[in-house]
2 protein chains.
Amino acid sequence: MADVAERAGVSTSTVSRTLRGLSTVSPEVRARVEQAARELHFAVSRQAASLVTGRTGSVAVLVPTLGSWFMGSALSGLAPLLRSAGMELTVYVIPDLAERTSFFERLPARRNADALLVFSFDLTDEETARLDNLGMPVIYVSQHVAGRPSVYVDDVAGALRGTRHLLHLGHRRIAFVQSVSARGFSFSSHERLLGYRQALTEAGVPLDDDLVVATPAGDKRGAAEAVGRLLSLREPPTAVFAEQDEIAVAVIWTLRATGIEVPGQMSVLGFDDQPSAEWFDLTTVAQSPSDVGRTAGELALALVNDTEVDRERHIVLPTHVIPRATTAPPPVTRGPRDDSGRPPRGRWAPRG
Amino acid sequence: MADVAERAGVSTSTVSRTLRGLSTVSPEVRARVEQAARELHFAVSRQAASLVTGRTGSVAVLVPTLGSWFMGSALSGLAPLLRSAGMELTVYVIPDLAERTSFFERLPARRNADALLVFSFDLTDEETARLDNLGMPVIYVSQHVAGRPSVYVDDVAGALRGTRHLLHLGHRRIAFVQSVSARGFSFSSHERLLGYRQALTEAGVPLDDDLVVATPAGDKRGAAEAVGRLLSLREPPTAVFAEQDEIAVAVIWTLRATGIEVPGQMSVLGFDDQPSAEWFDLTTVAQSPSDVGRTAGELALALVNDTEVDRERHIVLPTHVIPRATTAPPPVTRGPRDDSGRPPRGRWAPRG
DNA sequence: TTGAAAGCGCTAACAT
DNA sequence: ATGTTAGCGCTTTCAA
């Protein structure tokens with residue numbers, strides 16, 4: 001910056017003022033400085049600036065992975081917002097428990113970001129407490145944390161509407177396939193199950209725990225087992241509500257491999273509306289992760305700039321059902337428990 | 001840090017030495033300092049440190065998007081490596097031309113990162129020249145830049161092997177569906193086409209430009225048009241090599257909607273092996289983006305640490321064909337140009 | 001092995 | 001509107 005000042009024949013203060021766009025610089029001086037800066041390819045060192053201002057000019061995100069559709073979309077929504085606010089984006093990826101422990105022990109984000117967005121973790125109280133002492137606004141994304149700013153999709157309402165869609169089609173035996181999230185990450189499983197139950201209850205359909213099964217997402221074998229368990233029930237479901245599209249696709253795969261038509265003999269409903277849902281013509285409950293990311297970013301910026309913001313604000317984003325080709329009325333039966341009305345059960349056993 | 005020093009009864013120099021793990025600290029002092037730091041939840045400010053050391057402790061990546069399978073996987077491979085090296089990850093997302101221009105004008109990464117990984121862009125010479133003057137190592141990922149460190153998958157060899165797979169099955173009329181990448185981003189299109197042509201040439205199969213069509217990735221209509229063009233040829237292909245799985249899936253979708261069996265009447269081969277390939281049982285040429293990310297990160301760290309590294313090193317990563325269920329020998333014909341041997345052409349026209 | 005002191009590049013308060 | 005000056009929190013000589 002000293003070089004620029006010398007070249008433009010001014011002091012470094014003036015250079016600093018110019019480069020920060022302060023209005024207290026005369027047009028001609030401004031022009032000289034800007035040209036000098038350009039000629040020297042000068043860029044302000046955020047490091048040095050932040051030492052004085054106490055602000056780093058970057059927003060950190062804590063994510064379990066970068067490889068999922070949700071995270072990719074959410075960050076794609078967040079990034080342009082930050083850029084337009086002149087903020088950088090620092091990413092902490094915490095794929096496993098070891099990394100997680102180390103992150104919360106060392107809290108490397110401390111003093112190295114102006115705000116932290118925590119995505120999709122089921123945090124312990126202790127972890128939350130540590131974040132409270134981080135010295136920067138922390139926004140919780142895809143999770144509800146009482147008394148802290150949070151942004152999430154209304155999973156309960158989404159699952160409620162999805163289940164209603166199946167009920168309206170005439171289904172009464174509706175299964176719910178959860179994901180098992182092994183590592184303390186929250187994928188809204190709980191809320192979606194809640195919405196499912198709520199819809200059944202309001203329709204007067206009795207809850208049956210046998211209809212709720214779990215499988216790891218993206219796992220063929222797991223899905224096959226889960227489906228197998230459902231099909232071997234004395235009274236199998238006529239519809240399956242999968243907690244994520246990825247699971248729905250696995251379920252459809254298994255059903256078709258088993259000779260069960262979708263949606264002819266079994267309806268399948270997903271949740272997410274990720275791109276592959278369209279290729280499978282999957283009826284699903286759509287959410288918009290990029291809206292989640294953008295909204296969370298807006299909240300973060302507001303908190304950083306200390307604009308009058310409710311520091312306990314919860315922002316809830318909507319969902320909507322997209323009817324496609326994997327849901328239909330249940331097959332016509334001649335009465336409950338009449339075998340001939342059920343889906344064929346010849347080859348349902350998990351393969352491999 | 002002063003607080004820590006006071007609490008431990010030492011000078012800040014000693015604290016600094018302790019926290020950086022220098023060996024010139026006596027064990028008992030070290031213990032005192034570490035405890036004090038822990039009690040005060042102290043974390044070193046990278047900003048202040050970098051002001052002195054000239055190193056920022058972070059690696060920047062320039063990516064066109066965060067929402068693609070490739071980018072998500074690549075960054076998932078990169079992130080743990082950086083973390084274990086104590087480096088932060090800063091992400092610059094450049095989704096469009098305007099952002100791109102502004103990035104290369106201002107080069108915000110200058111002085112704010114120790115290295116830059118540039119992913120999947122088709123850079124102009126001027127852009128490359130600007131990056132040369134960035135003052136930090138720049139690693140080019142998913143692209144070959146002469147004289148600069150680069151990491152990429154061997155797309156030519158991949159496409160060569162993929163095409164050979166189809167040739168071995170007996171196909172002679174093999175189409176190639178490219179992606180149109182509107183915005184100056186490189187998706188290895190060119191190299192894959194090269195490998196395709198090379199395989200045909202070495203097998204003595206004449207090249208036919210009518211068999212090479214393009215479509216935007218992830219676009220049903222575009223894929224339908226491309227397929228339509230192929231099917232309306234006087235001598236339609238018996239196999240389609242799609243440059244990306246995403247396109248392959250769209251092609252399969254269109255073919256099946258048209259009543260053409262895959263692979264019975266038409267084989268389809270993809271490239272990538274992204275998760276949905278498995279759900280579609282898609283034969284494909286697999287690459288490993290996470291290896292790309294990790295390798296590029298290793299190269300970046302080596303360059304940053306100035307270990308004796310060839311600064312023009314190109315690292316080429318392998319691919320392999322994964323045979324699944326969308327490729328098979330061509331349908332038996334009674335001779336060339338015999339209509340009865342062709343796929344049925346009843347409803348091939350693009351719908352909608 | 002430890003401490004004192006200088007200074008990294010910038011911004012902010014004060015002076016002009 | 002511009003310049004002068006004093007740090008921001010660290011690391012790194014240099015001395016002890």
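Per chain, numbering begins at 1; letters A, B, ... match sequence-line order.
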CG of B:Leu40 versus P of D:dG9: gap in Å, rounded?
14 Å
Does OP1 or OP2 of C:dC8 have a side-chain N or O of A:Ser45 closer than 4.0 Å?
no
Integer-rounded Å distance: C:dC10 P and B:Leu51 CG:
8 Å
With a 4.0 Å cut-off, would you call A:Glu88 and A:Arg83 a salt bridge?
no
Could you go through nucleotides 11-14 of chain C and list every protein N or O atom that sits under 3.5 Å from one of its N or O atoms, giving the distance for each pair?
unit_1: C:dT11; atom_1: OP2; unit_2: A:Ser16; atom_2: OG; d: 2.4
unit_1: C:dA12; atom_1: OP2; unit_2: A:Arg20; atom_2: NH1; d: 2.6
unit_1: C:dA12; atom_1: N6; unit_2: A:Ser13; atom_2: OG; d: 3.1

Which part of the nucleic acid, if any, lies within reach of B:Arg111 when heavy atoms closer than 4.0 Å are counted: base, sugar-phosphate only, or nothing?
sugar-phosphate
Just to be sure I understand the rule, does A:Ser26 reach a base, reach only the sugar-phosphate, or reach nothing, if contact means heavy atoms closer than 4.0 Å?
sugar-phosphate
Please give, in whole Å, the distance from D:dG7 C1' to B:Gln47 CD?
17 Å
Could you tell me how far apart B:Arg46 (CZ) and C:dG9 (C1') are, to the nearest whole angstrom?
19 Å
For B:Asp114 and B:Thr56, work out which heavy atoms get closest and say how close.
OD1-N, 2.7 Å
Would you say a side-chain N or O of B:Ser11 is under 4.0 Å from OP1 or OP2 of C:dA4?
no
Decide if atom CD of B:Glu6 counts as having more than 12 heavy atoms of other residues, nucleotides or ligands within a radius under 6.0 Å.
no
Grab the CG-P distance between B:Asn112 and C:dG9 for me, whole Å please.
14 Å
Looking at B:Phe42 and B:Met1, what are the two nearest heavy atoms and their distance?
CE1-N, 3.2 Å
With rounding to the nearest 0.5 angstrom, report the CG to CG distance, A:Leu303 to A:Leu116.
12.0 Å
Between B:Val63 and B:Ile94, is a side chain to side chain contact (heavy atoms under 4.5 Å, CB included) present by the stated rule, with each step listed?
CA-CA 6 Å; B:Val63 300; B:Ile94 309 290; over 6 Å; no
Please name the residue in the list A:Phe121, A:Phe119, A:Phe103, A:Phe104 that meets the ring pair (Phe, Tyr, Trp, His ring centres under 6.0 Å) test with A:Tyr92.
A:Phe103
Proximal nucleotide (of C:dG3, C:dC10, D:dT2) relative to the B:Thr14 side chain
C:dG3
Rounded distance in Å - CG (B:Leu19) to P (D:dT12):
13 Å
B:Arg30 has an atom CZ; how far is it from atom C1' of C:dT1, in whole Å?
12 Å
